[in-house]
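To keep things clear, I will list the structure first and then write my remarks on it.
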Amino acid sequence: MTIPKKAPISLLQSTKKVLSSLGIFAAGTSVFSLFYLLANWLVLTFQLSFPVGLVGCIGCLLFFILVKRIPNFMVRASKPLLGHMSLFFVPAVIAIVEFKSSLAEHWIAMLLAIFVATLLAFLITLLIAKYTIGNAGR
Amino acid sequence: MNWLLMSLLSLGITLIAYTLFYNVFLKYRFALLHPIIGTSAVCFLYMHVFSISTKEFQQYTALLVWLLWPATVALAVPLYTQLHLLRSLHWRVIVPILIGGTLAPVLSWSCVALLDVDGQIKMTMLVKSITTPLAMQTAELIGGISSLAAVLVILTGIVVAVFGPTIAMLVKIDNQIAEGIAMGTVGHAIATARAASISEYCLALSSASLCINGLVTSLMLPILFK
(Lines give C-alpha, C1' and ligand atoms only; values in the text may rest on other atoms or scores of the structure.)
Protein backbone atom coordinates (compact mmCIF):
# COMPACT_ATOMS: atom_id res chain seq x y z
CA MET A 1 0.00 0.00 0.00
CA THR A 2 1.38 3.35 -0.93
CA ILE A 3 0.90 6.27 1.35
CA PRO A 4 -0.49 9.23 -0.61
CA LYS A 5 1.82 12.22 -0.51
CA LYS A 6 0.50 15.30 1.18
CA ALA A 7 0.06 18.07 -1.35
CA PRO A 8 2.56 20.83 -0.56
CA ILE A 9 1.03 24.17 0.31
CA SER A 10 2.07 26.63 -2.33
CA LEU A 11 3.65 29.93 -1.46
CA LEU A 12 0.63 31.69 -2.91
CA GLN A 13 -1.77 29.73 -0.67
CA SER A 14 0.20 30.41 2.50
CA THR A 15 0.57 34.10 1.58
CA LYS A 16 -3.20 34.29 1.03
CA LYS A 17 -3.79 32.66 4.46
CA VAL A 18 -1.46 35.09 6.23
CA LEU A 19 -2.99 38.10 4.46
CA SER A 20 -6.51 36.93 5.29
CA SER A 21 -5.59 36.51 9.00
CA LEU A 22 -3.96 39.94 9.00
CA GLY A 23 -7.05 41.43 7.34
CA ILE A 24 -9.37 39.89 9.95
CA PHE A 25 -7.10 41.10 12.76
CA ALA A 26 -7.00 44.62 11.26
CA ALA A 27 -10.80 44.69 10.82
CA GLY A 28 -11.50 43.47 14.39
CA THR A 29 -8.88 45.78 15.91
CA SER A 30 -10.36 48.71 13.99
CA VAL A 31 -13.84 48.02 15.37
CA PHE A 32 -12.48 47.69 18.94
CA SER A 33 -10.57 50.94 18.39
CA LEU A 34 -13.76 52.63 17.17
CA PHE A 35 -15.47 51.66 20.43
CA TYR A 36 -12.48 53.10 22.30
CA LEU A 37 -12.60 56.36 20.35
CA LEU A 38 -16.35 56.62 20.88
CA ALA A 39 -15.80 56.03 24.60
CA ASN A 40 -13.09 58.69 24.60
CA TRP A 41 -15.51 61.15 23.02
CA LEU A 42 -18.20 60.28 25.62
CA VAL A 43 -15.76 60.65 28.54
CA LEU A 44 -14.52 64.03 27.27
CA THR A 45 -17.94 65.39 26.28
CA PHE A 46 -19.74 64.42 29.48
CA GLN A 47 -16.61 64.79 31.67
CA LEU A 48 -17.04 61.26 33.04
CA SER A 49 -14.52 60.17 35.63
CA PHE A 50 -14.26 56.58 34.40
CA PRO A 51 -11.39 54.95 32.48
CA VAL A 52 -11.97 55.27 28.72
CA GLY A 53 -11.17 51.58 28.24
CA LEU A 54 -13.88 50.62 30.72
CA VAL A 55 -16.51 52.75 28.95
CA GLY A 56 -15.42 51.25 25.61
CA CYS A 57 -15.59 47.72 27.02
CA ILE A 58 -19.11 48.27 28.40
CA GLY A 59 -20.18 49.82 25.08
CA CYS A 60 -18.85 46.82 23.18
CA LEU A 61 -20.56 44.41 25.60
CA LEU A 62 -23.88 46.23 25.13
CA PHE A 63 -23.40 45.92 21.37
CA PHE A 64 -22.92 42.12 21.68
CA ILE A 65 -26.00 41.85 23.90
CA LEU A 66 -27.98 43.91 21.37
CA VAL A 67 -26.98 41.81 18.35
CA LYS A 68 -27.09 38.63 20.51
CA ARG A 69 -23.75 37.34 19.20
CA ILE A 70 -20.12 38.28 18.71
CA PRO A 71 -19.19 38.77 15.04
CA ASN A 72 -16.64 36.10 14.06
CA PHE A 73 -13.98 38.59 12.93
CA MET A 74 -14.13 40.27 16.35
CA VAL A 75 -13.68 36.94 18.16
CA ARG A 76 -10.69 36.15 15.94
CA ALA A 77 -9.14 39.59 16.45
CA SER A 78 -9.68 39.44 20.23
CA LYS A 79 -7.61 36.25 20.61
CA PRO A 80 -4.16 37.74 19.81
CA LEU A 81 -5.11 41.06 21.44
CA LEU A 82 -6.01 39.39 24.75
CA GLY A 83 -3.50 36.55 24.53
CA HIS A 84 -0.53 38.88 24.04
CA MET A 85 -1.79 41.78 26.13
CA SER A 86 1.29 41.67 28.36
CA LEU A 87 3.41 42.73 25.37
CA PHE A 88 1.53 46.04 25.25
CA PHE A 89 2.43 46.80 28.89
CA VAL A 90 6.20 46.64 28.36
CA PRO A 91 6.60 50.40 27.61
CA ALA A 92 4.60 51.19 30.77
CA VAL A 93 6.46 48.72 32.99
CA ILE A 94 9.80 50.20 31.84
CA ALA A 95 8.83 53.49 33.53
CA ILE A 96 9.14 51.78 36.91
CA VAL A 97 12.83 52.87 37.03
CA GLU A 98 11.60 56.41 37.66
CA PHE A 99 10.25 55.26 41.05
CA LYS A 100 13.01 52.91 42.13
CA SER A 101 14.22 55.06 45.03
CA SER A 102 10.71 55.45 46.42
CA LEU A 103 10.05 51.72 46.08
CA ALA A 104 13.38 50.78 47.65
CA GLU A 105 12.58 53.03 50.60
CA HIS A 106 9.24 51.27 51.21
CA TRP A 107 10.16 47.70 50.28
CA ILE A 108 8.74 46.15 53.47
CA ALA A 109 5.34 47.76 52.91
CA MET A 110 5.37 46.68 49.26
CA LEU A 111 6.26 43.11 50.19
CA LEU A 112 3.48 43.00 52.80
CA ALA A 113 0.94 44.44 50.38
CA ILE A 114 1.91 42.17 47.50
CA PHE A 115 2.33 38.91 49.41
CA VAL A 116 0.44 38.99 52.72
CA ALA A 117 -2.53 41.17 51.71
CA THR A 118 -2.95 39.40 48.36
CA LEU A 119 -2.88 35.89 49.81
CA LEU A 120 -5.16 36.87 52.70
CA ALA A 121 -7.66 38.37 50.22
CA PHE A 122 -7.40 35.20 48.12
CA LEU A 123 -8.07 32.97 51.13
CA ILE A 124 -11.10 34.98 52.31
CA THR A 125 -12.55 35.14 48.76
CA LEU A 126 -12.04 31.39 48.39
CA LEU A 127 -13.83 30.64 51.68
CA ILE A 128 -16.75 32.95 50.82
CA ALA A 129 -17.03 31.50 47.31
CA LYS A 130 -17.02 27.97 48.73
CA TYR A 131 -19.83 28.96 51.08
CA THR A 132 -21.99 30.63 48.39
CA ILE A 133 -21.40 27.97 45.73
CA GLY A 134 -21.96 25.05 48.09
CA ASN A 135 -21.40 21.67 46.48
CA ALA A 136 -21.92 22.86 42.90
CA GLY A 137 -18.24 23.12 42.03
CA ARG A 138 -17.04 19.74 43.28
CA MET B 1 15.31 58.93 9.82
CA ASN B 2 17.11 58.33 13.10
CA TRP B 3 13.77 58.29 14.90
CA LEU B 4 12.38 55.71 12.45
CA LEU B 5 15.46 53.52 12.81
CA MET B 6 15.34 53.69 16.59
CA SER B 7 11.60 52.92 16.56
CA LEU B 8 12.15 49.86 14.38
CA LEU B 9 15.07 48.73 16.52
CA SER B 10 13.19 49.23 19.81
CA LEU B 11 10.06 47.49 18.52
CA GLY B 12 12.14 44.69 17.00
CA ILE B 13 14.07 44.03 20.20
CA THR B 14 10.88 44.13 22.30
CA LEU B 15 9.08 41.72 19.94
CA ILE B 16 12.01 39.30 19.70
CA ALA B 17 12.47 39.26 23.49
CA TYR B 18 8.72 38.79 24.01
CA THR B 19 8.53 35.91 21.50
CA LEU B 20 11.47 34.20 23.17
CA PHE B 21 10.14 34.53 26.74
CA TYR B 22 6.58 33.73 25.65
CA ASN B 23 7.76 30.40 24.21
CA VAL B 24 9.71 29.64 27.40
CA PHE B 25 6.56 30.43 29.43
CA LEU B 26 4.44 28.18 27.17
CA LYS B 27 6.91 25.33 27.61
CA TYR B 28 7.19 25.45 31.42
CA ARG B 29 3.83 27.13 32.33
CA PHE B 30 5.34 28.65 35.50
CA ALA B 31 4.00 32.07 36.58
CA LEU B 32 7.45 33.37 37.59
CA LEU B 33 8.51 32.94 33.95
CA HIS B 34 5.80 35.36 32.77
CA PRO B 35 7.05 36.93 29.50
CA ILE B 36 6.71 40.49 30.74
CA ILE B 37 9.46 39.94 33.34
CA GLY B 38 12.07 38.68 30.86
CA THR B 39 11.00 41.12 28.11
CA SER B 40 11.25 44.10 30.48
CA ALA B 41 14.70 42.95 31.64
CA VAL B 42 15.93 42.77 28.03
CA CYS B 43 14.44 46.23 27.32
CA PHE B 44 16.19 47.68 30.40
CA LEU B 45 19.48 46.26 29.15
CA TYR B 46 18.86 47.63 25.64
CA MET B 47 18.04 51.08 27.03
CA HIS B 48 21.20 51.02 29.14
CA VAL B 49 23.46 49.93 26.24
CA PHE B 50 22.05 52.52 23.80
CA SER B 51 21.65 55.24 26.49
CA ILE B 52 17.92 55.60 25.79
CA SER B 53 15.74 57.35 28.36
CA THR B 54 12.39 55.92 29.53
CA LYS B 55 10.49 58.64 27.71
CA GLU B 56 12.35 58.02 24.45
CA PHE B 57 11.75 54.26 24.68
CA GLN B 58 8.04 54.86 25.23
CA GLN B 59 7.94 57.10 22.17
CA TYR B 60 9.76 54.53 20.02
CA THR B 61 7.36 51.77 21.10
CA ALA B 62 4.18 53.89 20.89
CA LEU B 63 2.60 51.32 18.55
CA LEU B 64 2.44 48.81 21.41
CA VAL B 65 0.81 51.37 23.70
CA TRP B 66 -1.72 52.14 20.98
CA LEU B 67 -2.68 48.43 20.75
CA LEU B 68 -3.61 48.53 24.44
CA TRP B 69 -6.74 50.56 23.51
CA PRO B 70 -8.48 47.90 21.40
CA ALA B 71 -7.17 45.17 23.75
CA THR B 72 -9.00 46.77 26.70
CA VAL B 73 -12.24 46.98 24.72
CA ALA B 74 -11.76 43.35 23.60
CA LEU B 75 -12.28 42.27 27.24
CA ALA B 76 -15.97 42.47 26.34
CA VAL B 77 -15.55 39.23 24.34
CA PRO B 78 -14.75 36.87 27.28
CA LEU B 79 -17.26 38.75 29.43
CA TYR B 80 -20.05 38.16 26.89
CA THR B 81 -19.12 34.48 26.49
CA GLN B 82 -19.33 34.00 30.29
CA LEU B 83 -22.70 35.75 30.65
CA HIS B 84 -24.56 32.41 30.72
CA LEU B 85 -22.52 31.35 33.77
CA LEU B 86 -23.42 34.57 35.56
CA ARG B 87 -27.08 34.08 34.69
CA SER B 88 -27.08 30.55 36.08
CA LEU B 89 -25.07 31.19 39.25
CA HIS B 90 -25.89 34.96 39.69
CA TRP B 91 -25.54 36.00 43.37
CA ARG B 92 -23.46 32.93 44.24
CA VAL B 93 -20.73 34.33 41.98
CA ILE B 94 -21.36 38.05 42.38
CA VAL B 95 -21.19 38.10 46.22
CA PRO B 96 -17.68 36.58 46.56
CA ILE B 97 -16.40 38.72 43.66
CA LEU B 98 -17.69 41.92 45.28
CA ILE B 99 -16.32 40.98 48.72
CA GLY B 100 -12.98 39.79 47.34
CA GLY B 101 -12.74 42.76 44.99
CA THR B 102 -13.21 45.11 47.95
CA LEU B 103 -10.97 43.20 50.37
CA ALA B 104 -7.94 42.91 48.06
CA PRO B 105 -7.40 46.67 47.59
CA VAL B 106 -8.42 47.55 51.17
CA LEU B 107 -5.94 45.07 52.71
CA SER B 108 -3.10 46.21 50.45
CA TRP B 109 -3.90 49.87 51.06
CA SER B 110 -3.91 49.20 54.84
CA CYS B 111 -0.47 47.56 54.65
CA VAL B 112 1.11 50.57 52.95
CA ALA B 113 -0.89 53.10 54.97
CA LEU B 114 0.25 51.54 58.27
CA LEU B 115 3.89 51.86 57.18
CA ASP B 116 3.43 55.49 56.11
CA VAL B 117 4.12 55.12 52.38
CA ASP B 118 3.74 58.03 49.87
CA GLY B 119 0.19 58.96 48.84
CA GLN B 120 0.73 58.12 45.16
CA ILE B 121 1.95 54.59 45.93
CA LYS B 122 -0.91 54.15 48.40
CA MET B 123 -3.47 55.05 45.74
CA THR B 124 -1.80 52.75 43.21
CA MET B 125 -2.23 49.81 45.62
CA LEU B 126 -6.00 50.14 45.23
CA VAL B 127 -5.90 48.90 41.63
CA LYS B 128 -3.48 46.00 42.03
CA SER B 129 -6.12 43.26 41.74
CA ILE B 130 -7.74 44.35 38.48
CA THR B 131 -6.61 43.63 34.97
CA THR B 132 -3.65 45.78 33.82
CA PRO B 133 -5.19 48.10 31.18
CA LEU B 134 -8.05 49.06 33.50
CA ALA B 135 -5.65 49.31 36.45
CA MET B 136 -3.35 51.72 34.60
CA GLN B 137 -6.16 54.05 33.54
CA THR B 138 -7.91 53.89 36.93
CA ALA B 139 -4.62 54.56 38.77
CA GLU B 140 -4.15 57.74 36.75
CA LEU B 141 -7.71 58.88 37.51
CA ILE B 142 -7.38 58.43 41.31
CA GLY B 143 -3.93 60.00 41.64
CA GLY B 144 -1.81 56.84 41.44
CA ILE B 145 1.09 55.96 39.14
CA SER B 146 0.11 54.02 36.00
CA SER B 147 3.51 52.39 35.38
CA LEU B 148 3.71 51.26 39.02
CA ALA B 149 0.14 49.95 38.69
CA ALA B 150 1.22 47.72 35.78
CA VAL B 151 4.08 46.26 37.83
CA LEU B 152 1.97 45.74 40.98
CA VAL B 153 -0.82 44.08 39.00
CA ILE B 154 1.61 41.65 37.40
CA LEU B 155 3.33 40.81 40.71
CA THR B 156 -0.07 40.28 42.36
CA GLY B 157 -1.11 37.94 39.55
CA ILE B 158 2.12 35.96 39.87
CA VAL B 159 1.69 35.61 43.67
CA VAL B 160 -1.87 34.27 43.24
CA ALA B 161 -0.93 31.99 40.34
CA VAL B 162 2.01 30.47 42.24
CA PHE B 163 0.56 30.22 45.76
CA GLY B 164 -3.23 30.22 45.20
CA PRO B 165 -3.67 26.51 44.38
CA THR B 166 -1.39 25.60 47.34
CA ILE B 167 -3.52 27.70 49.71
CA ALA B 168 -6.69 25.98 48.41
CA MET B 169 -5.03 22.63 49.07
CA LEU B 170 -3.88 23.64 52.57
CA VAL B 171 -7.40 24.71 53.60
CA LYS B 172 -8.76 21.56 51.91
CA ILE B 173 -11.06 23.32 49.47
CA ASP B 174 -11.63 21.11 46.46
CA ASN B 175 -14.17 23.29 44.67
CA GLN B 176 -13.12 24.38 41.18
CA ILE B 177 -15.78 27.09 40.89
CA ALA B 178 -14.74 28.66 44.21
CA GLU B 179 -11.08 28.42 43.25
CA GLY B 180 -11.77 30.03 39.85
CA ILE B 181 -13.67 32.90 41.45
CA ALA B 182 -10.89 33.60 43.97
CA MET B 183 -8.15 33.38 41.32
CA GLY B 184 -9.88 35.72 38.85
CA THR B 185 -11.01 38.21 41.50
CA VAL B 186 -7.66 38.61 43.27
CA GLY B 187 -5.15 37.49 40.64
CA HIS B 188 -6.81 38.72 37.38
CA ALA B 189 -5.49 37.52 33.97
CA ILE B 190 -2.21 35.97 35.16
CA ALA B 191 -3.98 33.76 37.71
CA THR B 192 -6.64 33.04 35.08
CA ALA B 193 -3.92 31.58 32.85
CA ARG B 194 -3.02 29.32 35.80
CA ALA B 195 -6.72 28.47 36.30
CA ALA B 196 -6.74 27.12 32.74
CA SER B 197 -4.40 24.34 33.86
CA ILE B 198 -6.81 23.33 36.67
CA SER B 199 -10.03 22.81 34.72
CA GLU B 200 -12.38 24.40 32.19
CA TYR B 201 -14.82 25.37 34.95
CA CYS B 202 -12.04 27.03 36.92
CA LEU B 203 -10.96 28.96 33.80
CA ALA B 204 -14.52 30.08 32.93
CA LEU B 205 -15.23 31.33 36.45
CA SER B 206 -11.82 32.94 36.73
CA SER B 207 -12.24 34.92 33.49
CA ALA B 208 -15.79 35.96 34.43
CA SER B 209 -14.54 37.09 37.87
CA LEU B 210 -11.63 39.08 36.46
CA CYS B 211 -13.97 40.91 34.08
CA ILE B 212 -16.61 41.72 36.72
CA ASN B 213 -14.06 42.75 39.34
CA GLY B 214 -12.26 44.90 36.78
CA LEU B 215 -15.48 46.64 35.73
CA VAL B 216 -16.79 47.19 39.28
CA THR B 217 -13.47 48.35 40.76
CA SER B 218 -12.68 50.73 37.92
CA LEU B 219 -16.20 52.13 38.12
CA MET B 220 -16.18 52.57 41.91
CA LEU B 221 -12.66 53.87 42.59
CA PRO B 222 -12.94 57.09 40.54
CA ILE B 223 -16.32 57.82 42.20
CA LEU B 224 -14.86 57.28 45.69
CA PHE B 225 -11.48 58.95 45.29
CA LYS B 226 -11.63 61.59 42.56
Side-chain angles (χ1 to χ4, degrees), chain A residues 29 32-33 35-36 49-54 56-58 60-61 64-65 70 74-75 77-78 81-82 84-99 102 106 108-110 112-130 132-133 136-138, chain B residues 14 18 35-36 39-40 43 54 57-58 61 64-65 67-77 79-80 92 95-96 99-100 103-104 107-108 111-112 115 117-118 125 132-134 137-138 147-148 150-151 155-156 159-160 163-164 167-168 173 175-178 181-182 185-186 218 222 226:
Chain A
T29 305
F32 288 129
S33 302
F35 275 105
Y36 189 92
S49 45
F50 300 122
V52 176
L54 172 77
C57 180
I58 292 175
C60 193
L61 179 68
F64 295 152
I65 293 171
I70 310 173
M74 288 177 85
V75 177
S78 74
L81 278 175
L82 295 174
H84 297 290
M85 210 189 238
S86 51
L87 171 67
F88 313 142
F89 307 141
V90 174
V93 171
I94 290 298
I96 197 73
V97 283
E98 309 284 326
F99 308 99
S102 183
H106 305 295
I108 297 175
M110 305 301 282
L112 274 175
I114 291 167
F115 274 89
V116 182
T118 300
L119 293 178
L120 191 60
F122 176 82
L123 177 64
I124 297 170
T125 312
L126 184 67
L127 292 170
I128 295 168
K130 193 208 167 217
T132 58
I133 296 294
R138 288 183 70 93
Chain B
T14 311
Y18 176 81
I36 199 156
T39 312
S40 303
C43 291
T54 310
F57 182 80
Q58 285 179 330
T61 53
L64 296 178
V65 181
L67 278 169
L68 201 53
W69 299 359
T72 317
V73 177
L75 282 170
V77 174
L79 187 57
Y80 181 78
R92 292 167 194 269
V95 169
I99 297 176
L103 261 179
L107 285 173
S108 306
C111 282
V112 287
L115 292 165
V117 176
D118 301 351
M125 277 293 167
T132 320
L134 292 177
Q137 291 185 5
T138 311
S147 55
L148 179 61
V151 175
L155 289 176
T156 302
V159 167
V160 175
F163 300 104
I167 287 184
I173 292 181
N175 186 313
Q176 288 168 7
I177 292 183
I181 293 171
T185 305
V186 185
S218 49
K226 204 179 177 193

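Atoms considered below: every heavy atom in the structure, side chains included; atoms not considered: hydrogens, waters and symmetry mates. First the proteins, then the strands, lettered A, B, ... as listed; each starts at 1.
The candidate from B/Val151, B/Leu64, B/Leu103, B/Thr185 with the greatest count of non-hydrogen atom pairs under 4.5 Å with chain A is B/Leu64. Top candidate by heavy-atom pairs under 4.5 Å with chain B, chosen from A/Gly53, A/Gly56, A/Pro51, A/Ser33, is A/Pro51. Of the listed residues B/Ala104, B/Ser218, B/Cys43, the one with more heavy-atom pairs under 4.5 angstrom with chain A than any other is B/Ser218. Put simply, of B/Thr138, B/Leu67, B/Thr156, B/Thr61, the one with the most heavy-atom pairs under 4.5 Å next to chain A is B/Leu67. Contacts with chain A were tallied for B/Leu79, B/Ile173, B/Leu148; B/Ile173 has the most, counting heavy-atom pairs under 4.5 Å. Listed options A/Ala95, A/Ser78, A/Pro91 were ranked by heavy-atom pairs under 4.5 angstrom with chain B; first place goes to A/Pro91. When the candidates A/Leu61, A/Leu87, A/Ile65 are compared by the number of heavy-atom contacts under 4.5 Å with chain B, A/Leu87 comes out ahead. Ranked by heavy-atom pairs shorter than 4.5 Å toward chain A, the options B/Leu115, B/Thr132, B/Val65 are led by B/Thr132.
Between A/Met85 and B/Leu75 there is a side-chain heavy-atom pair separated by less than 4.5 Å. Residues B/Thr72 and A/Phe88 fail the side-chain proximity criterion, which asks for heavy atoms closer than 4.5 Å. Contact annotation: the side chain of B/Asn175 approaches that of A/Ile133 to within less than 4.5 Å [non-hydrogen atoms, C-beta and beyond]. Within the 4.5 Å cutoff, side-chain heavy atoms of A/Phe89 are placed close to those of B/Pro133. Put simply, the side chain of A/His106 does not reach to within 4.5 Å of the side chain of B/Val112, judged on heavy atoms.
Nearest heavy-atom pair across B/Leu107 and A/Ala121 is CD1-N, 3.9 Å. Between A/Thr125 and B/Ala182, the shortest heavy-atom contact is CG2-CA, 3.9 Å. Here the closest heavy-atom approach between residue A/Ser86 and residue B/Pro35 is recorded as OG-CG, 4.3 Å. Scanning both residues, B/Gln58 and A/Ala92, for their nearest heavy atoms gives NE2-CA, 4.0 Å. Closest heavy-atom contact between B/Val186 and A/Thr118: CG1-O, 3.6 Å. Annotation for B/Ala74 and A/Leu82: closest pair O-CD1, 3.7 Å, computed over non-hydrogen atoms.
In this structure, the ring pair (Phe, Tyr, Trp, His ring centres under 6.0 Å) partners of B/Tyr18, at least two apart in sequence or on a different chain, are A/His84, B/Tyr22. In terms of the ring pair (Phe, Tyr, Trp, His ring centres under 6.0 Å) criterion, residue partners of A/Phe64 (sequence neighbours excluded) are, by chain and number, B/Tyr80.
Only the side chain of B/Ile99 comes within contact range of chain A, judged by heavy atoms closer than 4.5 Å. B/Ser40 touches chain A through backbone and side chain together, each having a heavy atom under 4.5 Å away. Interface remark: A/Leu119 contributes backbone and side-chain atoms alike to the contact with chain B (heavy atom separation under 4.5 Å). Heavy-atom distances place the side chain of A/Ile58, and not its backbone, under 4.5 Å from chain B. Proximity to chain B (any heavy atom under 4.5 Å) is shown, for A/Val52, by both the backbone and the side chain.
Between atom OG1 of residue B/Thr14 and atom CD1 of residue A/Ile94 there is a gap of 7.5 Å, rounded to the nearest 0.5 Å. In this structure, the separation between SG on B/Cys111 and CD1 on A/Ile108 is 12.0 Å, given to the nearest 0.5 Å.
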Given side-chain contact (heavy atoms from CB on, under 4.5 Å), test A/Thr132 with B/Ile181 step by step and report yes or no. CA-CA 11 Å; A/Thr132 58; B/Ile181 293 171; 5.6 Å; no
